[in-house]
Protein chains: 2
Amino acid sequence: MDLNRKRNARTRPESNRLSHEIEDYLKAIYKIVESESPRPATTSAVAAALSVSPASVTSMLKKLHAMKLVRYERYYGVSILPAGRKIALEVIRHHRLLELYLQSALGYSWDRVDAEAERLEHVISEEMEDRIDALLGHPTVDPHGDPIPTKNGVVARPSHRGLTDLSPGETAVVCRVADQDGAKLRYLATLRLVPGARVTVVEKGPFGEPLVVRVGKSRHVLGAELASQVKVRPGASLRRKVRR
Amino acid sequence: MDLNRKRNARTRPESNRLSHEIEDYLKAIYKIVESESPRPATTSAVAAALSVSPASVTSMLKKLHAMKLVRYERYYGVSILPAGRKIALEVIRHHRLLELYLQSALGYSWDRVDAEAERLEHVISEEMEDRIDALLGHPTVDPHGDPIPTKNGVVARPSHRGLTDLSPGETAVVCRVADQDGAKLRYLATLRLVPGARVTVVEKGPFGEPLVVRVGKSRHVLGAELASQVKVRPGASLRRKVRR
DNA sequence: TCCATGAGTTTGATGCGCCTAAAATAATCT
DNA sequence: AGATTATTTTAGGCGCATCAAACTCATGGA
């Protein structure tokens, strides 16, 4: 019985893929650097994003640098190189397609979708990605309102602001809730603060906080922390746009 | 920024789950011991099943023994304990539900299904398992004809024999093709040897090999190796049963 | 202008999980 | 019993994580 042992498979989930960890690091770095509020990608920012010690980040960064996925210089931050960006976007594409799929095909509730996608994103094949994409009709945004990168790595720039940026009296439509935390998402959902909802800012406290908003007939008070996660497109409601 | 570092998450895909590797070992051991042709689960049998060195198996076996998932004694084989069996069946349930789902919901072809399920099975949550199960109408067999274990670990005993067990002249219905190898599956599919197909044994060589069979209007010659993987239910065709 | 200090980062030692090859040992066959 | 075969041990590797100690660097007085 001559065994054919090749399987480094644990490390490379599909054929030629990188480890889950590497994918997670790249995704995190990408999100820090290229989100709508770009911070410098410091070691500790990455560590916090991944709930990992800074020491771990440092060594992974060296490795990613050696792989030319990232540009890293001791004591300064990291930035993503095109190859790394490409991988990050693939993972994010998986994640968002999966979120949408889980919700629309499997009936997942909005707030459960993220955790499941988090695990699946590293594991699905390109075939599965394509089939899901086709089945959903090549969607461009996920259930949270985040844009889904295309296969060639193009991400639509989301044209929205945080709820905190509105002035009292302004009305806008929620197009996205940026938080990952299921509990926060559920809480916001109970307030009807979900994508598509129409919201009006009634009052704003001294330093933007607290924020009093009206959704439908009810009023709610939000802290700045939470409110900034609720992204809105000012003015017209989605419905309005359809009516023309 | 006090980081909350807990994430042994790599090792435990979902909340309280075991590592992928442990799941794979248990699945392999279960399949060896409790398949329709039960062999003793020797170290090398497990090694071969997982494409891993015997040395690795030995150490994993010790560990599984310590975890009381398996009964292992040096130089004798392994057997599964109830707790280990339960886990193996959960994984197998995932696998088979996924195979069926990928085929019927995502349009996967028969022979691609196994590889994708192999990766997903370790990663899906119980919620996903349940949703898929419900969506498929609580199925009892997968696309290969293998029974799907129930949530409480009951597996229907498949009442079928290998094609090699038939005598010349006998006709039977393929109910399962047991192989994992996509290429073999595809080859058998080109011969129309897929679940549901009606097959007649025309001739049998000296030691059961080669086997000449008729499928529809065509005749094919098969080696014993391949033929034994084609499982059949003798006599009636599926269709017959429906007509009553 | 220079340096002490503290926040943030990196190093070095270590651990854990899973793997391997080669050497040692036990079971089995003739 | 001796040869063959299967299994286990030993020693080591790779990936990714941690902690604690050592290091950078920007900064804010003296």
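Throughout, a chain's letter reflects where its sequence line sits, starting with A, and its residues are numbered from 1.
- When atom types are taken as modelled, the side chain of A:Arg93 and the backbone of A:Pro149 share a donor-acceptor pair closer than 3.5 angstrom.
- Under 4.0 angstrom from either OP1 or OP2 of C:dT9 there lies at least one side-chain N or O belonging to A:Ser44.
- Within the 4.0 angstrom heavy-atom criterion, base atoms lie near B:Thr58.
- Set against D:dT7, C:dA21, D:dA17, the side chain of A:Val52 has D:dA17 as its closest nucleotide.
- Atom CG of B:Leu64 is separated from atom P of C:dG17 by 12 Å (rounded to the nearest Å).
- The side chain of A:Tyr75 sits closest to D:dC25 out of C:dT25, D:dC25, D:dT18.
- Along DNA chain D, the nucleotide closest to A:Tyr76 and the one closest to A:Met60 are compared, and the more 5′ of them pairs with A:Met60.
- The separation between B:Tyr25 atom OH and C:dG17 atom P is 14 Å, rounded to whole Å.
- Nucleotide D:dC14 holds its P atom 15 Å from the CD1 atom of A:Ile22, rounded to whole Å.
- Taking a cutoff of 4.0 Å between a charged side-chain nitrogen and a carboxylate oxygen, B:Glu90 and B:Lys27 do not qualify as a salt bridge.
- Following rounding to the nearest Å, B:Glu21 (CD) and C:dG17 (P) show an atom-to-atom distance of 11 Å.
- When the side-chain nitrogen and oxygen atoms of B:Arg74 are compared with OP1 and OP2 of D:dT9, one or more of them lie within a distance under 4.0 Å.
- Taking only side-chain nitrogens and oxygens, A:Ser53 comes nearer than 4.0 Å to OP1 or OP2 of D:dT18.
- The nearest whole Å value for the distance from the CD atom in B:Glu73 to the P atom in C:dA27 is 11 Å.
- Look at A:Asp133 and A:Lys151 and you find no salt bridge, because none of the NZ, NE, NH1 or NH2 atoms lies under 4.0 Å from a carboxylate O.
- Of the charged side-chain nitrogens involved, at least one lies within less than 4.0 Å of a carboxylate oxygen, so that B:Glu73 and B:Arg71 count as a salt-bridged pair.
- At least one side-chain nitrogen or oxygen of A:Lys62 sits closer than 4.0 Å to the OP1 or OP2 atom of C:dT11.
- For B:Leu61 and D:dA6, the CG to C1' distance is 14 Å, given to the nearest whole Å.
- Using a 4.0 Å heavy-atom cutoff across all strands shown, A:Thr43 reaches sugar-phosphate atoms only and no base atom.
- Within 4.0 Å (heavy atoms only), A:Ser59 reaches no atom of the nucleic acid at all.
- Following rounding to the nearest Å, A:His65 (NE2) and C:dT9 (P) show an atom-to-atom distance of 17 Å.
- Between the side chains of A:Asp142 and A:His95, not a single donor N or O lies within less than 3.5 Å of an accepting N or O.
- Within the structure, a side-chain polar atom (N or O) of B:Tyr72 is placed less than 4.0 Å from OP1 or OP2 of D:dT8.
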